[in-house]
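Each ligand, and each atom within it, is numbered from 1 in the order the structure gives.
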Amino acid sequence: MKVLVVGSGGREHSLCWAIASSPLCDALYCAPGNAGIADDATCVAIGAEDIEGIVGFCRDEGIGFVVVGPEMPLVAGLVDRLEDAGIAAFGPTAEAAAIEGSKGFTKDLCAMAGIPTAAYGRFTDAAAAKAYIRDHGAPIVVKADGLAAGKGVIIAQDVAEAEAAIDDILVERRFGDAGRAVVVEEFLDGEEASFLVLVDGVNALALASAQDHKALREGDTGPNTGGMGAYSPAPIVTEAMVKQVMTRIIAPTIDAMADAGTPYKGVLYAGLMIGNDGPKLLEFNVRFGDPECQVLMPRLFSDFLPALIATRDGQLASFDLRWRDDAALTVVMASKGYPGEYPKGTEIRNLDEAAKVEGVTIFHAGTRSEGAKVLAVGGRVLNVTALGATVAEAKARAYEAIDLIDWPEGFCRRDIGWRAVEREN
Ligand code: AMP
Ligand code: GLY
């Protein structure tokens, strides 16, 4: 079977790395890919959001299965278009992808299905949103309804900041059409975890647990980013927690989506806040987490491609995946300046030496090759990933590799995995 992976980040590199090792995969392509993905797949110069370009390529090449990485093309209907053209694809339809594409849609679904989540209001009118904020007080959370590249969530510490966020989103339209509506919700306390399941429309298969570090700086402080590192398993996600999340959050969601005539297929990523009264849903994503995927793939013992195909085919009921006992940890190396402005085209050296450290795999995110050189062209650039008997061992290996990488224009957090390492101690 010829397989195409759509996307160009570290998530897609880890997916390509896993799929390339499947005996079912005769040829692997990635659109558009990056310098690291080129080691595992043939990169084709088609953007992840170029729906017509992707469908045309699949027809011309006789692609048998497409795995869509990022949310944008899913929300824009890439899977619908591929399936209409007779090309099997992993991921939800555009209608089902509204579960990430509209926060208001998901909150209403939670309310209807009794899924635990923060209390909320949904508004298009700024005055009404502000009245709700004044009624409820701070801290309070303001979210743009649509996709805003992870930047549309404002945790306001006081009422004035929340009201300013309303003006920013609804009036100034800082996130464009993604800000046609807002969700204002209760601030939740607790520890976050990422819970990913494969869903075939009816059945769900939980993947291993993971936790990411969204904040820019050590100690989980500073502005939110796309994720500065991750590890798996997440100790807070015990067997009992998995059962609770499956019965209280995942199963009712799958049922509600099916009842609405928009059955969900693909990977469903539940962002959880685990507090004193159990797990609550922060948000759903319709894609693998990035960088969570980069720690899940190395821990996978089973061939992943058949699981992706079974998800698409509605055959997950009797499916199982086996995982290594080893922990995995990934550290994101980003361009200095990220998540703000950063230079592009700086050279990264010594990646081959770094990749020789025991247990280490380096997944590329924002890289491009120029001859033999690897250049940084994005904000998040590398995911230095390691397996180890414990999170502490995986962490030590990842940082050993990082210290071998010669890239003065890059930086990383030095404390990825700290919560799990503390628990191990
Ligand atoms: P979201 O995109 O909805 O997951 O929000 C991004 C991040 O904002 C989450 O990962 C949390 O760290 C934080 N966040 C979102 N909603 C809440 C909430 N209701 N209470 C506390 N933190 C939140
Ligand atoms: N790591 C967070 C996300 O993928 O949304």
Side-chain angles (χ1 to χ4, degrees), residues 7 9-12 14-15 69-72 74 99-107 110 115-122 133 136 138-157 162 165 169 175 178 182-196 207 209-216 220-232 234 249 267-277 279-297 329-332 334 339 363 365 379-380 383 413 416 419:
R11 165 182 52 213
E12 288 77 20
S14 66
L15 288 170
E71 65 277 14
M72 283 284 190
L74 291 167
I99 207 164
E100 173 167 358
S102 166
K103 293 191 187 282
F105 171 90
T106 298
K107 297 299 287 192
C110 287
I115 294 166
T117 188
Y120 73 106
R122 198 180 171 182
I133 288 168
H136 288 79
I140 196 159
V141 183
V142 176
K143 302 182 173 185
D145 184 74
L147 296 183
K151 300 190 177 78
V153 175
I154 294 94
I155 312 229
Q157 297 305 331
I169 297 173
F175 304 110
V182 293
V183 165
V184 181
E185 70 179 31
E186 166 199 10
F187 176 82
L188 296 177
D189 241 337
E191 185 172 336
E192 287 188 62
S194 305
F195 192 91
L196 284 80
L207 302 179
S209 62
Q211 206 160 38
D212 80 344
H213 294 270
K214 288 207 175 76
L216 181 66
D220 295 315
T221 58
N224 253 349
T225 69
M228 295 303 291
Y231 54 94
S232 172
I249 297 177
V267 61
L268 183 63
Y269 165 150
L272 305 176
M273 187 67 88
I274 301 174
N276 292 335
D277 47 352
K280 289 191 177 171
L281 181 77
L282 285 178
E283 61 159 351
F284 279 127
N285 293 310
V286 296
R287 50 172 177 79
F288 290 96
D290 186 338
E292 289 93 329
C293 193
Q294 293 88 308
V295 288
L296 293 179
M297 293 302 108
L329 180 139
T330 191
V331 180
V332 171
F363 296 121
R380 291 191 295 169
N383 307 132
R413 271 179 61 167
I416 299 304
R419 271 198 196 86

Keeping [X] on the side-chain end and [Y] on the backbone end, is there a donor-acceptor pair under 3.5 Å?
X      : Y      : value
Glu185 : Val141 : no
Arg413 : Ala215 : yes
Gln294 : Phe363 : no
Arg380 : Gly227 : yes
Glu100 : Val286 : yes

* Ile99 CD1 to Phe284 CZ distance, which is reported to the nearest 0.5 Å -> 5.0 Å

* To do: First locate atom CG of Leu188, then atom CG of Leu281, and finally report the distance between them rounded to the nearest 0.5 Å.
  => 10.0 Å

Heavy-atom contacts with [X] under 4.0 Å: which atoms of ligand 1 show up? List them by number with element.
X      : result
Glu185 : 16 (N), 17 (C), 18 (C), 19 (N)
Phe187 : 20 (N), 21 (C)
Glu283 : 1 (P), 2 (O), 3 (O), 4 (O)
Asn224 : 7 (C), 8 (O)
Lys103 : 1 (P), 2 (O), 3 (O)

* To do: Would you check if there is a donor-acceptor pair between the side chains of Gln211 and Glu292 at a distance under 3.5 Å?
  => no

* Say whether Asn383 and Thr330, considering side chains only, have a donor N or O and an acceptor N or O under 3.5 Å apart. => no

Heavy atom of the protein closest to [atom] (residue, atom name, distance):
atom                    : value
atom 23 (C) of ligand 1 : Ile155 CD1, 3.6 Å
atom 17 (C) of ligand 1 : Leu282 CD2, 3.4 Å
atom 1 (N) of ligand 2  : Asp212 OD2, 2.6 Å
atom 6 (C) of ligand 1  : Val153 CG2, 4.0 Å

* If you measure from each non-hydrogen atom of Glu186 to ligand 1, which part falls under 4.0 Å: side chain, backbone, both or neither? -> backbone

* Counting heavy atoms only, which part of Asp189 comes closer than 4.0 Å to ligand 1: side chain, backbone, both or neither? -> neither

* Determine, stepwise, if the pair Lys214 / Asp212 fulfils salt bridge (charged side-chain N to carboxylate O under 4.0 Å, His left out). => CA-CA 6 Å; Lys214 288 207 175 76; Asp212 80 344; 3.7 Å; yes

Mind checking whether [X] and [Y] have side chains closer than 4.5 Å, heavy atoms only?
X      : Y      : result
Pro70  : Arg11  : yes
Phe195 : Ser209 : no
Tyr120 : Thr106 : no

* **Test item, Pro291 contacting ligand 2 (heavy atom, 4.0 angstrom)** => yes

* Ser194 touching ligand 2 at heavy-atom level, < 4.0 angstrom -> no

For ligand 2, which atoms sit closer than 4.0 Å to a heavy atom of [X]?
X      : result
Lys214 : 2 (C)
Gly289 : 4 (O)
Gly226 : 1 (N), 2 (C)
Asn285 : 5 (O)
Arg287 : 3 (C), 4 (O), 5 (O)

* Structure fact -> Candidates Lys214, Lys143, Lys151; heavy atom nearest atom 16 (N) of ligand 1 found on Lys143

* So between Lys280, Glu100, Glu192, whose heavy atom ends up nearest atom 11 (C) of ligand 1? -> Glu192

* ligand 2 to Asp290 polar contact by distance, N or O atoms, under 3.5 Å -> yes

* Answer yes or no: does an N/O atom from Glu292 fall short of 3.5 Å to an N/O atom of ligand 2? => yes

* Looking only at N/O atoms, are Leu188 and ligand 1 under 3.5 Å apart anywhere? -> yes

* Heavy-atom pair of closest approach, residues Pro139 and Phe187 -> O-CB, 3.6 Å

